[in-house]
S.K.: 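Below is a structure I'd like to ask you about.
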Amino acid sequence: MHAFAGGQFDLEIHPAGWRFPAEKSWIAGWIKPNAGEQITDVRARLHHRVILGLFGLPHPAFAPKRSDQPDSSRPGFSFLFNPQPGETLLRLEVRTRSGEWQEFFRTKISAAPDAPLLPAAISLSKSLGHLVTTLIKRQRLTPWKSWSILADDLVATFVAEPLNAHPNLPFVGALEEPHVIGRLRYGLIPVTGWLAHPTAKITRLSAVIDPLAPIALPHGLARQDIPGIFPALGGHAHSAFVGEIALPPDLAAPVLLKIFAELDTGEIHLAFARRFTPKFHFDLAQMPPLVPPLTFARAIWALHRAAGNYALPRHGVINAARAVWANYTALPAYRPKKKHPLLEKIRLRSEIEPSHQIHAALGRISGIALTVAMSATPDCTLIAPADDMCVPDASHYLQIGREALAIVQEAVAQAGCKRIDAILDLPSGHGRVARWLRTAYPTARLSVSDTQGPGVLFCCEHLGATGVHADVQGTHWAALSGPYDIIWCGSLLTHFGRADWINHLRRFAERLSPSGVLVFTTHGFPALERLQSGEKDYGLPQSAVAQLCTTAVAEGFGYVDYPDTPAYGISVSLPPWVLELIENETELQVIDLREAAWDQHQDVVVCTRRTPKCPA
């Protein structure tokens with residue numbers, strides 16, 4: 001047994017003296033991470049080559065009692081490869097839950113001089129379009145990671161030699177989905193196929209994608225074609241399996257799927273192992289909108305350097321890059337009419353604030369202190385049974401409300417608002433945010449409004465708010481005369497088209513006090529990514545999702561109705577479009593815009609009344 005920084009391991013099978021013959025050889029053993037750590041994959045490095053292995057395999061010394069136990073009880077790993085002549089150093093690495101690779105073993109080796117040579121690698125220029133698009137998207141999702149690290153990981157995946165597993169006799173079967181490119185829909189990857197054993201009964205199939213918990217695959221479904229193709233399996237017409245696995249959006253690709261079969265004898269076997277790259281439910285070959293030339297150039301340069309690390313041919317890259325950029329700029333995509341300084345601030349801030357630190361960052365901007373100390377819980381913790389925002393649980397419900405208060409307090413500090421005498425929460429629902437506003441500003445006059453009458457009544461009874469029932473005709477505005485020092489509008493414009501955006505923003509501007517602040521949320525780039533990736537559909541049919549994304553990319557703003565509610569649906573608004581609309585159509589001025597600041601999902605826009613220009 002050996003130790004490394006991330007845990008313990010042992011190498012039990014390898015060529016004697018690390019002298020590899022011409023044919024492929026096995027390397028196998030086990031590896032256990034430290035407590036609290038997780039391993040999601042293993043790979044071998046031979047000079048410029050990357051060879052992926054299998055991890056999470058049964059091992060006699062750590063035998064699980066059931067196939068659905070977590071992979072901590074299956075620490076076995078294996079590799080199968082043959083070094084090329086001249087390759088003298090072998091390194092073995094593990095991938096952690098964060099996607100980082102960590103070396104745990106290295107040794108000098110010797111390769112047989114007559115080992116068969118690998119085919120020539122595909123040049124970088126041949127796949128540049130796909131690689132640069134993927135790299136830019138990854139940089140948008142993880143802006144705190146450097147271009148070089150992201151590009152190196154992407155190219156390593158591109159050149160990697162995978163190791164898959166198929167049923168060993170006497171098992172017979174086929175894994176039909178996922179393919180090498182997995183069809184991801186609404187965040188779920190389908191797992192389908194069939195598996196039979198001629199003499200034993202399969203009692204359980206378990207699908208595992210590290211580090212997720214195993215899921216049971218229903219097995220024994222009808223497949224009438226099997227006996228016709230395999231006459232010896234005439235009694236196994238019910239051998240099909242089908243299931244779905246929810247993939248987290250931050251799971252590193254390629255993803256390794258393993259399927260274990262448990263027999264009535266108690267034996268557990270690895271039936272299938274396949275790596276796949278999740279593919280979205282509709283075409284996403286285009287780069288994200290609004291990619292500036294400098295970002296494109298940085299991506300190309302990072303890929304060029306990473307390709308050199310893996311001996312990937314780089315001839316023709318400049319011409320290929322010109323062609324990719326020309327195709328991108330020719331797309332009918334939204335282009336803002338002018339640059340806005342806030343957009344540069346967004347980019348710089350995203351590069352230094354990881355998404356997992358965004359909650360800690362709430363409540364401070366450049367050292368500005370919050371105006372009111374924040375409580376751990378609101379004064380009112382009662383949640384109405386009819387509150388449909390209490391999903392998935394009460395703790396999350398309260399956390400989102402507390403997060404909104406932190407955002408509001410930041411905005412108050414930025415706007416320099418000295419007194420908070422009146423607050424408006426619209427739409428208020430059942431007080432998810434209003435209860436926090438009441439706690440933070442107990443002496444302020446709190447007004448709430450919503451089309452949900454029971455929600456308004458709840459806020460009046462339990463928060464001491466003044467409630468106004470809202471309607472689509474807008475009669476509620478007369479009773480909400482203001483002025484208000486704080487207006488919070490969470491997740492309202494995310495459901496409206498352009499005309500309703502303008503109407504509500506103008507109404508808010510009319511009701512702001514001279515030093516008041518408006519804070520509202522939108523669906524920006526992060527929401528667009530979720531729609532495009534299939535992680536979310538917001539209750540829309542597939543055709544509406546495609547229409548919404550296409551319009552948002554082409555025009556900077558997209559909106560579609562819900563199927564049964566005209567004039568109410570889902571909107572996506574890119575930050576430059578939001579800034580242009582507010583400047584051209586309202587008397588507001590934007591003082592801050594933060595991407596994915598609320599629940600790591602919706603963008604937050606902070607506005608004050610526009611300062612009148614002095615006459616010349």
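Quick note: residue numbers are just sequence positions, from 1.
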S.K.: Would you mind checking if Asp153 and Arg138 are paired as a salt bridge, meaning a charged N to carboxylate O distance below 4.0 Å?
M.R.: yes
S.K.: Is there a side-chain contact between Phe241 and Ile259 (heavy atoms, below 4.5 Å)?
M.R.: yes
S.K.: Could you measure the distance from the CD atom of Glu580 to the CG atom of Leu574? Nearest 0.5 Å is fine.
M.R.: 10.5 Å
S.K.: Decide yes or no for Phe260 and Arg74: does some side-chain heavy atom of the first lie under 4.5 Å from some side-chain heavy atom of the second?
M.R.: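 Result yes, sub-4.5 Å side-chain heavy-atom pair found.
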S.K.: Pairs under 3.5 angstrom only: tabulate donor-acceptor contacts from the side chains of residues 300-312 to other protein residues two or more places apart or in another chain.
M.R.:
from, atom 1, to, atom 2, distance (Å)
Asn309, ND2, Asp152, OD1, 3.2
Tyr310, OH, Asp152, OD1, 3.4
Tyr310, OH, Asp152, OD2, 2.8

S.K.: Measure centre to centre between the rings of Phe158 and His130, then say whether the value is under 6.0 Å.
M.R.: no
S.K.: Any idea which heavy atoms bring Pro15 and Ile27 closest together, and the distance?
M.R.: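 Heavy-atom minimum between the residues: CD-CG1, 4.4 Å.
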S.K.: Rounded to the nearest 0.5 Å, how far apart are CE of Met1 and CD of Gln8?
M.R.: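 Here the interatomic distance stands at 4.0 Å.
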S.K.: Which pair of non-hydrogen atoms, one from Glu176 and one from Trp194, has the smallest distance, and what is that distance?
M.R.: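 Closest pair (atom of Glu176, atom of Trp194, distance): OE2-CD1, 3.8 Å.
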S.K.: Before giving the answer on side chain to side chain contact (heavy atoms under 4.5 Å, CB included), spell out for Phe4 and Gln102 the whole-Å C-alpha distance, their side-chain angles and the decisive distance to 0.1 Å.
M.R.: CA-CA 10 Å; Phe4 71 109; Gln102 181 180 13; 4.1 Å; yes
S.K.: If you round to the nearest 0.5 Å, how far is CD1 of Ile109 from NE2 of His14?
M.R.: 12.5 Å
S.K.: Looking at Leu89, I want to see if its CG is surrounded by more than 12 non-hydrogen atoms of other residues, nucleotides or ligands under 6.0 Å.
M.R.: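 Buried by this count: over 12 neighbours within 6.0 Å.
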S.K.: Any chance you could measure Ser110, atom OG, to Leu90, atom CG, to the nearest 0.5 Å?
M.R.: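 So the OG of Ser110 and the CG of Leu90 are separated by 11.5 Å.
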S.K.: As a quick check of understanding, evaluate side chain to side chain contact (heavy atoms under 4.5 Å, CB included) for Gln38 and Asp210, giving each step before the final call.
M.R.: CA-CA 8 Å; Gln38 293 175 315; Asp210 300 320; over 6 Å; no
S.K.: Side chains of Leu528 and Cys549, heavy atoms from C-beta outward: is any pair under 4.5 Å?
M.R.: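 With C-beta onward as the side chain, the pair touches.
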S.K.: With sequence neighbours excluded, tell me which residues meet salt bridge (charged side-chain N to carboxylate O under 4.0 Å, His left out) with Asp41.
M.R.: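 With sequence neighbours excluded, Asp41 shows a salt bridge (charged side-chain N to carboxylate O under 4.0 Å, His left out) to Arg95, Arg275, given in chain and number order.
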S.K.: Can Ser146 and Ser148 be said to form a side chain to side chain donor-acceptor pair (under 3.5 Å), step by step?
M.R.: CA-CA 5 Å; Ser146 70; Ser148 59; 3.1 Å; yes
S.K.: Give me the one residue out of Ile136, Val324, Leu124 that meets side chain to side chain contact (heavy atoms under 4.5 Å, CB included) with Leu131.
M.R.: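 Running side chain to side chain contact (heavy atoms under 4.5 Å, CB included) over Ile136, Val324, Leu124 with Leu131 returns exactly one hit, Leu124.
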S.K.: Apply side chain to side chain contact (heavy atoms under 4.5 Å, CB included) to Trp26 and Leu80, showing your working.
M.R.: CA-CA 5 Å; Trp26 285 99; Leu80 179 64; 3.7 Å; yes
S.K.: Can you confirm whether Thr551 sits close enough to Phe557 that some side-chain heavy atom of one is under 4.5 Å from a side-chain heavy atom of the other?
M.R.: no
S.K.: Which atom pair, heavy atoms only, marks the closest approach of Leu52 to Pro254?
M.R.: CD1-CG, 4.1 Å
S.K.: Would the distance check show the side chain of His269 and the main-chain N or O of Ala261 forming a donor-acceptor pair, the cut-off being under 3.5 Å?
M.R.: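 It does not hold such a pair.
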S.K.: Does some side-chain heavy atom of Thr88 sit less than 4.5 Å from a side-chain heavy atom of Pro83?
M.R.: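 In short, these two side chains do not touch, never coming nearer than 4.5 Å.
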S.K.: Testing the basics here: between Ala112 and Pro21, what is the closest heavy-atom pair and its distance to 0.1 Å?
M.R.: CB-C, 3.6 Å
S.K.: Does Ser571 use its side chain to pair, donor to acceptor, with the backbone of Thr494 at less than 3.5 Å?
M.R.: yes
S.K.: Write down the atom of Ala111, the atom of Gln84, and the distance for their closest heavy-atom approach.
M.R.: CB-O, 3.3 Å
S.K.: Could you check whether any side-chain heavy atom of Arg594 comes within less than 4.5 Å of a side-chain heavy atom of Ile407, counting everything from C-beta outward?
M.R.: no
S.K.: Is the distance from the ring center of His2 to that of Phe105 below 6.0 Å?
M.R.: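 Distance test on ring centres: not under 6.0 Å, no.
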S.K.: Mind listing the closest non-hydrogen atom pair of Ala299 and Val132 along with its distance?
M.R.: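 So the two residues come closest at CB-CG2, 3.7 Å.
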S.K.: Report the residue from Trp147, Trp325, Tyr328 that forms a ring pair (Phe, Tyr, Trp, His ring centres under 6.0 Å) with Phe296.
M.R.: Trp325
S.K.: Given Phe9, which partner from the list Phe55, Phe77, Phe104 fulfils the ring pair (Phe, Tyr, Trp, His ring centres under 6.0 Å) test?
M.R.: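 One option only clears the test, and that one is Phe104.
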S.K.: Within a strict 4.5 Å, meaning less than it, do heavy atoms of the Phe81 and Leu163 side chains meet?
M.R.: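 A side-chain contact under 4.5 Å is absent here.
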S.K.: How many angstroms lie between atom CG of Leu135 and atom NZ of Lys137, to the nearest 0.5 angstrom?
M.R.: 12.5 Å
S.K.: Whether the side chain of Asp603 engages the backbone of Thr521 through a donor-acceptor N/O pair (distance < 3.5 Å, no angle test) should be reported.
M.R.: no
S.K.: When you compare the side chain of Phe20 with that of Glu87, does any pair of heavy atoms fall below 4.5 Å?
M.R.: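 Counting from C-beta outward, Glu87 and Phe20 never come under 4.5 Å.
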S.K.: Do side-chain atoms of His601 reach the backbone of Ala527 as a donor and acceptor pair under 3.5 angstrom?
M.R.: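 No; zero donor-acceptor contacts below 3.5 Å.
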S.K.: Under 3.5 Å, side chain of Glu37 to main-chain N/O of Thr96, donor-acceptor pair present?
M.R.: no
S.K.: Rounded at 0.5 Å granularity, tell me how far CH2 in Trp30 sits from OG in Ser78.
M.R.: 16.0 Å
S.K.: For Leu92 and Ile31: C-alpha separation, side-chain torsions, deciding distance, then whether side chain to side chain contact (heavy atoms under 4.5 Å, CB included) applies.
M.R.: CA-CA 11 Å; Leu92 302 182; Ile31 185 166; over 6 Å; no
